[in-house]
J.: 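Handing you this structure, nothing more for now.
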Amino acid sequence: DKVAIVTGGGAGIGKATAALFAREGARVVIAEYDEATGATAADVIRADGGEALFVATDVSKPEHVEAVVRQAVDRYGGVDVLYNNVGGSTTNDGSVITSMEGEFQRKMNVDLYGTWLCCRFAAPEMIKRGGGSIINCSSINALRGTTNRAAYAAAKGGVTALTRSMAVDLAQHKVRVNAVAPGSTLTERILKKRGGTAGRPEIMSRHLLG
């Protein structure tokens with residue numbers, strides 16, 4: 001009976017998370033920029049007997065974020081969980097010398113500012129309900145040095161620092177704030193980037209447990 005907002009819930013980790021929340025009994029609001037994948041993800045959840053609402057959302061726009069939170073409240077009565085999943089590295093990234101300036105700004109707008117905006121609008125609704133849970137998707141790239149990920153690492157490093165700060169600020173309101181920091185995950189995007197299923201053994205070989 002929790003109400004969970006999942007940003008970037010139309011594909012990859014976000015889609016899998018939204019489906020799992022629904023199977024566990026949550027009412028899920030999928031905030032997704034891509035209208036086709038977002039609508040499909042919500043349809044799949046409903047076909048499986050779950051409850052889901054899709055809202056077309058650009059997390060870098062305050063009016064979009066305010067609207068998705070408002071729709072969650074209007075439809076389901078409040079917000080209990082926010083999973084800030086949206087974001088990801090692209091081939092436009094590089095070192096601080098080679099990465100495109102536009103890519104750096106885009107990473108800041110979507111990954112960091114988008115996370116900040118979603119928390120800004122969702123946290124007050126959680127406080128009204130006596131508490132809640134915010135999960136921010138950081139990255140292994142925020143915790144260790146990797147090549148050609150300067151913009152992405154900077155944005156996700158900001159997400160990690162923001163998570164720590166929010167955890168302290170919101171603890172008094174019984175709102176837990178945590179981050180997860182995935183490495184390469186076998187999502188559609190990563191498989192496509194690494195050569196489809198042919199790249200799967202290479203990705204799995206990096207992990208001791210496969």
Side-chain angles (χ1 to χ4, degrees), residues 1-10 13-33 38 41-42 45 50-88 107-143 154-182:
D1 291 327
K2 302 294 185 185
V3 179
I5 297 175
V6 180
T7 71
I13 295 173
K15 179 181 178 181
T17 302
L20 179 58
F21 277 153
R23 288 197 297 272
E24 293 290 334
R27 291 160 289 175
V28 180
V29 179
I30 295 175
E32 170 62 57
Y33 182 81
I45 288 174
E51 196 160 350
L53 170 68
F54 161 62
V55 183
T57 309
D58 180 344
V59 297
S60 69
K61 297 184 182 302
E63 64 274 19
H64 280 217
V65 176
E66 184 176 22
V68 74
V69 172
R70 179 51 48 201
Q71 289 198 50
V73 172
D74 290 346
R75 173 70 70 90
Y76 299 126
V79 178
D80 300 294
V81 179
L82 168 66
Y83 179 35
N84 285 304
N85 164 75
V86 74
K107 289 288 88 188
M108 290 297 160
N109 287 343
V110 175
D111 293 33
L112 181 54
Y113 180 55
T115 295
W116 183 85
L117 275 178
C118 290
C119 294
R120 182 176 181 85
F121 285 104
E125 297 300 330
M126 294 181 185
I127 292 170
K128 289 178 185 177
R129 286 162 78 85
S133 174
I134 295 173
I135 308 104
N136 295 327
C137 194
S138 180
S139 169
I140 194 71
N141 292 279
L143 306 176
K156 290 301 189 179
V159 169
T160 301
L162 176 63
T163 300
R164 292 191 179 104
S165 180
M166 288 175 50
V168 175
D169 286 335
L170 299 180
Q172 62 181 310
H173 301 294
K174 294 184 171 51
V175 175
R176 292 178 291 111
V177 188
N178 294 283
V180 292

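In what follows, residues are counted from 1 in the order of the sequence shown.
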J.: Using every non-hydrogen atom in the two residues, find where Ala18 and Val28 come nearest and quote the distance to one decimal.
T.: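 Reported closest heavy-atom pair: O-CG2, 3.6 Å.
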J.: Quick one: pull up CG in Leu53 and CZ in Arg75 and give me the separation to the nearest 0.5 Å.
T.: 4.5 Å
J.: For the CZ atom on Arg176, are there more than 12 heavy atoms of other groups (residues, nucleotides or ligands in this structure) within a distance under 6.0 Å?
T.: no
J.: Rounded to the nearest 0.5 Å, what separates atom NZ in Lys15 from atom CG in Asn85?
T.: 13.0 Å
J.: Going by atom types alone, do Asn136 and Thr115 pair a side-chain donor with an acceptor below 3.5 Å?
T.: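 There is no such pair (donor and acceptor under 3.5 Å, judged by atom type) between the side chains of Asn136 and Thr115.
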J.: When you look at CG of Asp74, are more than 12 heavy atoms from neighbouring residues, nucleotides or ligands closer to it than 6.0 Å?
T.: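 Atom CG in Asp74 is packed in, count exceeds 12.
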J.: Rounded at 0.5 Å granularity, tell me how far OH in Tyr33 sits from NZ in Lys61.
T.: 8.0 Å
J.: How about Tyr76 and Ile5: do any of their side-chain heavy atoms sit closer than 4.5 Å?
T.: no
J.: Would you name the heavy atoms of Leu143 and Ala181 that are closest together and state the gap between them?
T.: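 Scanning both residues completely, I find the closest heavy atoms to be CD1-CB, 3.8 Å.
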J.: When you compare the side chain of Cys119 with that of Leu82, does any pair of heavy atoms fall below 4.5 Å?
T.: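 Yes; the side chains approach each other to less than 4.5 Å.
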J.: Is Glu63 paired with Arg70 through a side-chain N to carboxylate O contact shorter than 4.0 Å?
T.: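 Answer for the salt bridge query: no.
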J.: Treating Glu125 as the side-chain partner and Val79 as the backbone partner, does any N or O pair qualify as donor plus acceptor under 3.5 Å?
T.: no
J.: To the nearest 0.5 angstrom, please state how far the CG atom of Asn178 sits from the CZ atom of Arg164.
T.: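 Nearest 0.5 Å value for the CG-CZ distance: 11.5 Å.
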J.: Say whether, by atom type as modelled, one donor and one acceptor occur between the side chain of Lys107 and the main chain of Leu112 under 3.5 angstrom.
T.: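 Not confirmed, Lys107 side chain does not pair with Leu112 backbone.
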J.: Does Ile13 reach the side chain of Val180, with side-chain heavy atoms less than 4.5 Å apart?
T.: no
J.: Any side-chain heavy atom of Asn84 sitting closer than 4.5 Å to one from Val159?
T.: no
J.: Show the nearest heavy-atom pair for residues Val68 and Ala31, with the distance to one decimal.
T.: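 In this case the closest contact between Val68 and Ala31 is CG2-CB, 3.9 Å.
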J.: Apply the side-chain hydrogen bond (donor to acceptor under 3.5 Å, both in side chains) test between Asp80 and each candidate in Lys2, Arg27, Arg129; give the one that qualifies.
T.: Arg129
J.: Do Tyr113 and Pro62 have side chains that get closer than 4.5 Å, going by heavy atoms?
T.: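 Yes, their side chains come closer than 4.5 Å.
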J.: Work out which heavy atom in Gly157 is nearest to a heavy atom in Ala142; give both atom names and the distance.
T.: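 Where Gly157 meets Ala142 most closely, the heavy atoms are N-CB, 3.6 Å.
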J.: What's the shortest heavy-atom distance between Val81 and Ile135, and which atoms?
T.: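 What the structure gives for the nearest pair is CG1-CD1, 3.8 Å.
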J.: Main chain of Ile127, side chain of His173: is a donor-acceptor contact present, judged purely on distance under 3.5 Å?
T.: no
J.: Would you indicate whether the side-chain heavy atoms of Ile134 and Val175 approach each other to under 4.5 Å?
T.: yes
J.: Give the minimum heavy-atom separation between Gly8 and Val86, together with the two atoms involved.
T.: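 That closest heavy-atom pairing would be N-CB, 4.0 Å.
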J.: Quick check on side-chain contact (heavy atoms from CB on, under 4.5 Å): which of Val55, Thr7, Ile45, Thr57 does Ile30 satisfy it with?
T.: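 The single option meeting the side-chain contact (heavy atoms from CB on, under 4.5 Å) with Ile30 is Ile45.
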J.: With Thr160 as reference, evaluate Ser139, Ser165, Ser138 under the side-chain hydrogen bond (donor to acceptor under 3.5 Å, both in side chains) test and give the passing residue.
T.: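 Testing Thr160 for a side-chain hydrogen bond (donor to acceptor under 3.5 Å, both in side chains) against Ser139, Ser165, Ser138 leaves exactly one candidate, Ser138.
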